[in-house]
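Encoded as structure tokens, the structure appears first; notes follow it.
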Amino acid sequence: MQQRRGISSFFFDRLLPVGTVVAFLLVLWYGFAMLLNAPFERDQAARANAEISTSQLIQNTLSQDRPVLPAPHQVADEIWKTTALKKITSKRSLVYHGWITISSTLLGFAMGTALGILLAVLIVHSRVLDKSLMPWIITSQTIPILAIAPMIIVVLNAVNISGLLPKALISAYLSFFPVAVGMVKGLRSPDLMHLDLMRTYNASRSQVFWKLRWPSAVPFLFTSMKVAVAISLVGAIVGELPTGAVAGLGARLLTGSYYGQTIQIWSALIAAAVVAAVLVTLVDLVSRIVMKRMGMVR
Amino acid sequence: MNSGILVTALVFWAAAWFANNRLARLQLAGGPAAQTVNLLIPTLFGVTLIVLWEGITVGFNIPSVLLPSPSMIWERITSSVDILWADFYQTFMKAVLAGYAMGCASGFVAAIIVDRVPFLRKGLLPIGNLVAALPVIGIAPIMVMWFGFDWHSKAAVVVVMTFFPMLVNTVAGLGASGAMERDLMRTHASNYWQTLMKLRIPAAMPFIFNALKINSTLALIGAIVAEFFGTPIVGMGFRISTEVGRMNIDMVWAEIFVAALAGSLSYGLLALLERAVTFWHPSYRS
């Protein structure tokens, strides 16, 4: 295989293949939109005792109010209408709902990451905790915790904790796990040689931690933070489902499904995808900057 | 306030903490004794948690609407086995298993195709990586709309959720065999399929099992959450959301217990299977 470099490499190895696949998916999407929405139009035509021409049929399938599968341009139009054309304080603005989801995601992510790091530090430094806590941390993730998110929200509501915090707690529960596991691995990653070297310097435990263990765990931290931020967004969205669908992207999904507003569901879904992509990219960016400053560019 | 049971729980906690401390300090040379100790420590820890939970809920008279005590939950489990079984059958046996099998199988096949065609690998993998980070659970309302209220829509959600982790992991696994080993296959004049079946898929097994394990949890979550969006009057997600509404929190915990049991058992089963299939892997050779 020949090696390409610079812009040419970007074009042939990245833009062209990804673009082709995306274009193919869009075509597929349009195709399915026509296919899935056609029965309704045929039905309408049959009721009106009218013949419907193929071109008319195709046109109609792509502009229904409540299509089975909305066409991409309808979703794009809805997103444009609910972001750029609405005031961001409006309850119909996607930015308003998106911000509510993002804020609880970030709060939960911060709490989860802090808890994960704390647990990892404790586990690495205590044999008892390592042996007794670690198996339970792993078991805790085989429990479908998302399933009990509604209960957590309702119960916390009953004791007058409502709003941002319950959702953030679910995000935190989901995101602490990858961080804890990654950090345990990271804090244990220094070579035996390096640890021995620290010992010959007569370094104390905290010195070993700050000068050796912590720096070598940083790459692991960022890798697991990328997983954690994505999963805490999922937690925030699911956490918004049972709160009576007040606000947030999850609430948009739920009200959309109650009233059959497929376009609204899809636009909320796309918005969630964009938020996820942005959050992961941000963490990645921070990790690159930090790694560069630490001289650990791979 | 019922301070007797609270004090008992606290004493038990202290005793268990002390015992675990001693156990963890033991220097055992390996063998069955060390294995027993390694199993005993987390078990003791878990039992302590349950005793503390019982002590705190009963001791402080916490209303069962907030947090029922373990004994109450256990009573509820034993008294409503038939409901729990019906829910489990609807959600796990129908939706999760069907969706899990289809999602993992199609992800695996897609990975082999993607691996064969470099253009697809460059095009599809970045998208696969992106989708793996997306809140896929959001498609649940759409699937419920398309495939109806019964288990088919839940299986569809599970298929979509499990597809991408399988795809990404299998592609990574197919690249895991070393250049030396591939060269060896070449010197034996083996063709693409022989290399695939005899070298690359076995070498990819640790990655595939990793995806299978991730997916086993994801599948259960997907099916349960999808049931929040509409379901016939049976199913674990349905039971959780309605019993929360009726403030029967002990029933919710009973469902969680079943879900946790199912999740842990399938995870354990996969781990055993992995050990049997990838016996050659360095992490299992001692």
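Protein chains get the first letters and strands the later ones, always in sequence-line order, with residue 1 at the start of each. Computed from a prediction, not measured in an experiment: that's the story for all the values here.
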For this session: Kindly write out the residues that satisfy ring-ring contact (aromatic ring centres under 6.0 Å, His included) with B:W253, not counting sequence neighbours, or none if the list is empty.
Result: B:W53

Exercise. CH2 of A:W99: more than 12 outside heavy atoms within 6.0 angstrom?
Worked result: no

For this session: Measure distances from B:I127 to the heavy atoms of chain A and classify the residue's part below 4.5 Å as side chain, backbone, both or neither.
Result: side chain

Seminar exercise, completed: Of A:A277, A:G250, A:A273, the largest count of non-hydrogen pairs under 4.5 angstrom with chain B goes to A:A273

Exercise. About how many Å separate CG of B:L120 and OG1 of A:T20, when rounded to the nearest 0.5 Å?
Worked result: 9.5 Å

Exercise. Can you find a pair of side-chain heavy atoms, one from B:I142 and one from A:T262, that are under 4.5 Å apart?
Worked result: no

Seminar exercise, completed: Taken in chain and number order and not counting sequence neighbours, the residues that satisfy side-chain contact (heavy atoms from CB on, under 4.5 Å) with A:A271 are A:L94, A:L249

For this session: Side chain from CB out, backbone as N, CA, C, O: work out which of these in B:L265 comes under 4.5 Å of a heavy atom of chain A, or both, or neither.
Result: neither

For this session: Inspect the surroundings of CH2 in B:W13 and state if more than 12 heavy atoms from other residues, nucleotides or ligands are less than 6.0 Å away.
Result: no

For this session: Might you confirm whether atom CZ of A:F32 has over 12 heavy atoms from other residues, nucleotides or ligands at distances under 6.0 Å?
Result: no

